[in-house]
Amino acid sequence: MSDITDNLHAMRHSLAHIMATAIMKLWPEAKLGVGPVVENGFYYDIDLGKKKLSDEDFATIEKEMAKVIKADDKFEKSEISIDKAIDWAKQAQQPYKLELLNDLKRAGTTVAKDLDSAELGLEAKSGGKVDKVSFYTNGDFTDLCRGPHVVSTGKVGVFKLMRVSGAYWRGNEKNAQMQRIYGVAFASQKELDQHLKMLEEAKARDHRKLGQELDLFVFSELVGSGLPLFTPRGTTLRDELLGFSEELQRNNGFEKVTIPHITKRELYEKSGHWDKFGGQLFLVKSQESSDQFVLKPMNCPHHIQIYASRPRSYKELPIRYMESTMQYRDEKKGELNGLSRVRSISIDDAHVFCRLDQIEAEFATIMGMIKDMYSVLDMKFRARLSFRDDSDKYLGDPKLWEMAQETIEAVTKKLDVEYFVAEGEAAFYGPKIDIMVTDAIGREWQCATEQLDFVQPQRFGITYTDANGKDQQPVMIHKALLGSFERFLSVYIEHTAGRFPIWLAPEQVRVITINQEDTTVEYAEGFAAKARKLGLRLSIDNSNDTVGKKIRAAELMKVPYTVVIGPEEIKSGKLKPRVRKDMTVLDDSQPASVEDFLSTVAHEAKGRVHKSSF
RNA sequence: GCCGUCGUAGCUCAGUUGGUAGAGCGACUCUUUCGUAAAGAGUAGGUCACCAGUUCGAUUCUGGUCGACGGCUCCA
């Protein structure tokens with residue numbers, strides 16, 4: 001961490017203390033949980049008993065915080081023994097702090113793994129055993145804390161309380177529900193303003209809002225929550241994206257397969273998913289037999305069955321199956337959100353079956369496709385190498401894991417992809433590379449992924465015959481370029497703010513007639529026929545509205561090209577296309593012949609031309 | 001699933017301290033035939049999310065269900 005981010009971290013953390021100071025003053029009965037730093041600010045979990053905070057309380061708390069800041073009290077650090085700390089917690093009537101300290105005393109540094117140890121007064125001593133804890137005091141407020149803090153309460157930059165929400169004590173839903181008060185904080189007013197502006201921009205781009213306005217997808221209470229219905233426009237988007245993904249994959253030796261959407265539950269018992277995710281599977285009961293079916297939550301076990309349908313030779317590896325049909329996961333209600341979290345998911349999924357010595361090349365091929373994909377989509381990304389930690393939730397031979405993680409890192413380096421390692425983010429069956437895509441307003445999202453899997457080939461006992469006639473176990477690689485289409489669309493709609501490049505635009509050209517006379521309408525229809533011959537998607541607006549109003553309607557739908565047709569065009573055979581302002585290929589200052597215009601647009605669409613900024 | 005907020009026309013919203021509701025946009029009809037972001041007039045459209053309860057009477061109060069939003073938690 002640089003000095004600047006270090007200082008920002010200290011400021012945010014100090015603000016958490018200042019907020020706690022203010023709240024203790026306003027509600028002395030408050031019981032404090034923990035108050036860590038998060039991405040753009042800080043929060044503090046607080047148990048206020050029956051008092052429910054709302055947005056209206058923020059002004060009061062902020063005012064009280066301002067007093068603390070104005071006092072400019074020094075943050076004084078003190079170190080005391082655990083036993084004394086426990087006495088302090090009892091005296092201060094802080095049961096949550098007391099619980100932390102008791103755990104700390106009982107288990108040393110291994111305690112409270114579910115919490116960020118930086119927020120506890122936990123000093124990791126070389127021996128691994130904690131005997132002392134540190135406290136910070138500002139004015140008459142003292143809190144168990146490791147720090148770091150700024151020198152005094154006056155040095156904390158600018159902040160704003162944003163929201164309050166429920167949060168379980170120590171993240172466990174069996175524990176008490178506390179109130180999490182969340183604030184953002186920056187070094188300067190300018191940075192805070194920028195952040196607030198970004199949030200506003202994000203709200204304006206919200207894919208749920210744009211999805212409705214641009215007529216891309218809808219939900220129906222009768223169908224159910226988390227089950228989006230894609231309109232013709234939305235389906236065009238999906239199909240174009242899928243077409244591109246499949247084209248890339250086909251060019252790299254992937255073959256499409258087709259599987260049913262239901263399967264006997266035994267398939268997932270064998271794969272290990274039933275144990276791990278059984279609660280999130282939709283069950284389907286047969287009325288003809290005693291079979292218990294489930295809706296497929298994934299495709300890999302099916303693909304394994306295709307692989308396993310006959311003996312395989314080392315010569316035919318790698319075998320690469322792709323598949324993008326819908327999958328179903330019974331996500332928890334409260335987690336559903338627009339398209340970004342749904343219960344019906346389609347992924348541009350594929351599974352590679354290969355030999356150990358082919359892993360590196362396969363990973364490189366997939367990374368190459370990811371680069372192609374996001375270059376055309378005009379989105380920057382970096383790779384998160386999701387490795388295991390030392391917990392016991394992972395299956396398979398640790399040695400293989402280690403070897404695989406090394407290979408993955410080597411490939412990423414070799415292909416010159418920016419990356420970082422995230423321990424503990426691996427799937428239970430193997431390490432993976434997750435692609436973190438940055439959108440136009442700077443937010444990062446996980447989209448593409450490639451994952452190594454040693455576990456399923458073993459569980460299903462699939463083999464190939466090597467050069468010596470011996471059975472060997474292949475390795476599996478799971479991959480997705482876009483990831484879930486639903487999720488990707490949510491990201492991409494917000495990235496582009498609905499201004500899709502020509503190859504993805506559901507409606508590429510809109511033809512507006514200046515009047516409803518036969519000659520005008522016939523000319524427009526002739527124009528449309530020529531355009532459709534070139535594979536363009538367009539519509540004619542010959543409604544009885546003014547030209548201005550029809551232009552406005554096309555603008556609101558973010559149609560890339562709008563063409564007005566009237567006596568002038570019919571006479572000259574030339575068009576003056578109105579070009580959506582972010583488009584760069586066609587210049588709308590000059591009239592163009594019908595043929596030139598259409599071939600330019602068709603060429604742009606076919607070439608998947610994108611522009612450089614949204 | 002949990003905590004909190006919310007649900008009035010296709011959309012955005014107003015309103016009813018309990019006596020079954022209104023605007024703008026959109027749709028439809030007519031007039032207008034128009035030159036690059038809203039032409040004018042009229043008409044239709046609502047079991048006030050759903051189901052119970054209280055009440056002479058519920059869209060309004062109470063309870064439950066469903067759905068949405070902000071978080072928590074989870075994410076193959």
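In what follows, chains are A, B, ... by sequence order, proteins preceding strands, each numbered from 1.
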*Measure the spacing between NZ of A:K581 and CZ of A:R499 and express it to the nearest 0.5 Å.*
5.0 Å
*Using the C1' atom on both, measure B:C51 against B:G7 and round to a whole Å.*
16 Å
*Do A:F597 and A:V563 come close enough that some side-chain heavy atom pair is under 4.5 Å?*
yes
*Measure the spacing between OG of A:S593 and CG of A:L575 and express it to the nearest 0.5 Å.*
7.5 Å
*Which heavy atom of A:H195 sits nearest a heavy atom of A:V184, and at what distance?*
NE2-CG1, 3.6 Å
*Among the nucleotides B:A37, B:A76, B:A68, which one has an atom lying closest to any side-chain atom of A:S225?*
B:A68
*Listed nucleotide nearest any side-chain atom of A:R552, set B:C34, B:C75, B:A38*: B:A38
*Measure from the side chain of A:R208, starting at C-beta and using heavy atoms only, and say which of B:U36, B:U32, B:G70 lies closest.*
B:G70
*Is there a Watson-Crick or G-U wobble partner for B:C74 with both distances under 3.5 Å, and if so, which one is it?*
none
_Name of the residue among A:T438, A:D439, A:I435 meeting side-chain contact (heavy atoms from CB on, under 4.5 Å) with A:W445_ = A:D439
_Check ion pair A:E555-A:R578 (N to O, under 4.0 angstrom)_ = yes
*On a whole-Å scale, what distance lies between the C1' atoms belonging to B:U60 and B:U16?*
7 Å
*Between P of B:A68 and CZ of A:F217, the distance in whole Å*: 12 Å
*Consider the side chain of A:R329, meaning its heavy atoms from C-beta on, and name the nucleotide among B:A76, B:U36, B:G7 that approaches it most closely.*
B:A76
*Closer to the 5' end of RNA chain B via nearest nucleotide, is it A:Q516 or A:E331?*
A:Q516
*Are A:E494 and A:R443 close enough for a salt bridge, meaning some N to O gap below 4.0 Å?*
yes
*Does A:I551 or A:E517 map to a spot on RNA chain B nearer the 5' end, using the closest nucleotide for each?*
A:E517
*Contact class for A:G338 (heavy atom, under 4.0 Å): base, sugar-phosphate, or nothing?*
sugar-phosphate
_Gap between atoms NZ and P, on A:K576 and B:G35 respectively (whole Å)_ = 13 Å
*With side chains defined as the heavy atoms from C-beta onward, is the minimum distance between A:K558 and A:F500 less than 4.5 Å?*
no
*Find the distance A:N337:CG to B:C69:C1' and express it as a whole number of Å.*
9 Å
*Considering only the C1' atoms, how many Å lie between B:A68 and B:A49, rounded to the nearest integer?*
11 Å
*Find the distance A:Q212:CD to B:C25:P and express it as a whole number of Å.*
18 Å
*Whom does B:G19 pair with, Watson-Crick or G-U wobble, provided both distances fall under 3.5 Å?*
B:C56
*Is there a donor N/O on one and an acceptor N/O on the other, under 3.5 Å, for the side chain of A:R341 and the base of B:C74?*
yes
*With both distances kept under 3.5 Å, what pairs with B:C48, Watson-Crick or G-U wobble?*
none
*Is B:U5 paired to anything, Watson-Crick or G-U wobble with both distances less than 3.5 Å, and if yes, which nucleotide?*
B:A68
*Side chain of A:K332 only, please: which of B:A39, B:G35, B:U73 is the nearest?*
B:U73
*Is A:V564 touching bases, backbone alone, or none of the nucleic acid, heavy atoms closer than 4.0 Å?*
base
_Heavy-atom donor-acceptor pair, A:Q451 side-chain to B:A76 base, under 3.5 Å_ = no
_Who pairs with B:U36 - Watson-Crick or G-U, where each distance is under 3.5 Å_ = none
*Does B:G10 pair with anything, Watson-Crick or G-U wobble, both distances under 3.5 Å, and if so, with which nucleotide?*
B:C25
*Using only side-chain N and O atoms of A:K571, determine if any of them is under 4.0 Å from OP1 or OP2 of B:G35.*
no
*Round to a whole Å and report the spacing from CE of A:M162 to P of B:C69.*
19 Å
*asked:* The side chain of A:I514 is closest to which nucleotide in this list: B:C34, B:A76, B:U12?
replied: B:C34
*Describe the nucleic acid contact of A:G334 in one word from base, sugar-phosphate, nothing, applying a heavy-atom distance below 4.0 Å.*
base
*Return the nearest nucleotide to the side chain of A:R180; candidates are B:C72, B:U36, B:G35.*
B:C72
*Given B:C69, B:G1, B:A37, which nucleotide is nearest the side-chain atoms of A:K333?*
B:G1
_Quick check on B:C28: is either OP1 or OP2 less than 4.0 Å from any side-chain nitrogen or oxygen of A:N544?_
no
*Could you give the CG-to-P distance, from A:L222 to B:A68, as a whole number of Å?*
13 Å
*Consider the side chain of A:E221, meaning its heavy atoms from C-beta on, and name the nucleotide among B:U36, B:U32, B:G7 that approaches it most closely.*
B:G7
*Is the base of B:G71 touched by the side chain of A:E335 through a donor-acceptor pair closer than 3.5 angstrom?*
no
*How far does the C1' atom of B:U5 sit from the matching atom of B:U43, given to the nearest Å?*
38 Å
*Which part of the nucleic acid, if any, lies within contact of A:Y429, taking any heavy atom under 4.0 Å across all strands shown: a base, the sugar-phosphate backbone alone, or nothing?*
sugar-phosphate
*asked:* Taking the cut-offs as 6.0 angstrom to the six-membered ring centre and 45 degrees off its axis, would you call A:K479 and A:F254 a cation-pi pair?
replied: yes
_Distance-only donor-acceptor test, A:D545 side-chain atoms vs B:U33 base atoms, 3.5 Å_ = no
*Atom pair distance, as rounded to whole Å: CG in A:L575 and P in B:G35*: 18 Å
*Determine the interatomic distance between P on B:U36 and the same-named atom on B:A41; round to the nearest Å.*
23 Å
*Using only heavy-atom distances, decide whether a donor-acceptor pair under 3.5 angstrom links the side-chain of A:D206 to the base of B:C69.*
no
*Does A:R510 have a side-chain nitrogen or oxygen under 4.0 Å from the phosphate oxygens OP1 or OP2 of B:U36?*
no
*Sticking with atom C1', work out how far B:G22 lies from B:U59, rounded to a whole angstrom.*
14 Å
*Check whether any side-chain N or O of A:T546 sits under 4.0 Å from OP1 or OP2 of B:A39, and answer yes or no.*
yes
